[in-house]
Every structure is written in C-alpha cells, then in structure tokens.
Amino acid sequence: MTDTTIPATDNQDWGFWGTMAEHAAAAWPIASRAIREATDTDPHAVRAFLDSRYGRHFADGVNCQMHHGASLQDAIAKTTAEWMGWRITRRTSRETGIPAGLPYLTGFVMNEAIAVGAFEE
C-alpha cells in the first residue's frame, strides 16, 4: 500500500468511533493501520468498515479484550487476528454476496467500501 494517510471518521456517533467512546481518538489510527495492513485494502475502505455496523462489532471485540486486561494496542491486534481467522461461510456469502472462504475482516472491509463507493475517492 502506498497511501498511508488515515481518513477521519465520518461517523462519530456510531460505528467504531462511537462504540470506543473515550478511547476513540487513540484507537482510530491504531485500528485503521492494523486493518489496512491485515487486509491490504485502501484506507478509505477501512474507514467505510470502521464507520459501519461491522465497525461497531469490531469495537465490541476490542472493548472485550480491554475488559480482560489487554492494552489498547494489544486489544486491536487480537481482534484483528480473530476477525482474520474467521472465514466467510456459504450462508454469509448468500446473504451478503461476499465470496465464501475470504477472511471475515477482508470480506466486510471490502463489502462496506463497495456499499459506500469508497473505491471511487
């Protein structure tokens, strides 16, 4: 990836930012970089994911890790690894159109980017 900029959230009330609450400002750049590196996707695609309902679910995972004692950095790394370890099932593929077998994180980052036209920026 050549573009290393981190676009700001477009959704401070919901999604990842809203769910991370007081940790949002610190968590946003860490999560953006971790997801971009794990999925090899465009920063705007990552923003679309983090601003979506799936970004909220990702933040739930981060908060859970932190609740169990992980630092913010480690919580994001663990949640990223967890989502990359899951695979899109045939059922999820039928429901979303995301190809079965893709890592869950990659699939939903790309799906949300397509939904908001993030690849056109």
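Quick caveat, the model's predicted, so the values are computed rather than measured.
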Pairing residues for Ala34 by the side chain to side chain contact (heavy atoms under 4.5 Å, CB included) criterion, not counting sequence neighbours: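 Residues passing side chain to side chain contact (heavy atoms under 4.5 Å, CB included) with Ala34: Ile76, Thr80.
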All side chain to side chain contact (heavy atoms under 4.5 Å, CB included) counterparts of Ala75, not counting sequence neighbours: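 By the side chain to side chain contact (heavy atoms under 4.5 Å, CB included) rule, Ala75 matches Val62, Gln65, Met66, Ala70.
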With Thr39 via side chain to side chain donor-acceptor pair (under 3.5 Å) - residues at least two apart: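 Thr41.
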Does [X] reach the main-chain N or O of [Y] with its side chain, forming a donor-acceptor pair under 3.5 Å?
X: Asp10; Y: Asp51; result: no
X: Ser93; Y: Thr89; result: no
X: Ser32; Y: Pro29; result: no

Let me have the donor-acceptor pairs involving side chains of residues 94-101, under 3.5 Å, with sequence neighbours excluded, atom names and distances please.
from	atom 1	to	atom 2	distance (Å)
Glu95	OE2	Arg91	NE	3.0
Thr96	OG1	Thr92	O	2.7
Thr96	OG1	Ile98	N	3.1

Shared hydrophobic cluster, Met84 / Phe58 (ILVMFWY, side-chain heavy atoms < 4.5 Å):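 Cluster IDs for Met84 and Phe58 match.
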Ile30 side chain near His23 side chain, heavy-atom distance below 4.5 Å: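 The answer is no, as the side chains (C-beta and beyond) never meet within the 4.5 Å cut-off.
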Student check: side-chain heavy atoms of Leu105 and Ile35 closer than 4.5 Å: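 Yes, at least one pair of side-chain atoms sits under 4.5 Å.
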Which atom pair, heavy atoms only, marks the closest approach of [X] to [Y]?
X: Trp17; Y: Asn11; answer: CB-O, 3.7 Å
X: Phe16; Y: Ala59; answer: CD1-CB, 3.5 Å
X: Ala48; Y: Val116; answer: CB-CG2, 3.5 Å
X: Ala8; Y: Arg47; answer: O-CD, 2.9 Å
X: Pro103; Y: Ile88; answer: O-CG1, 4.3 Å

Sequence-distant partners of Tyr104, ring pair (Phe, Tyr, Trp, His ring centres under 6.0 Å), two or more places apart: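 Trp83, Trp86, Phe108.
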Qualifying salt bridge (charged side-chain N to carboxylate O under 4.0 Å, His left out) pairs, either residue in residues 71-89, two or more places apart: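 The answer is none; no pair qualifies.
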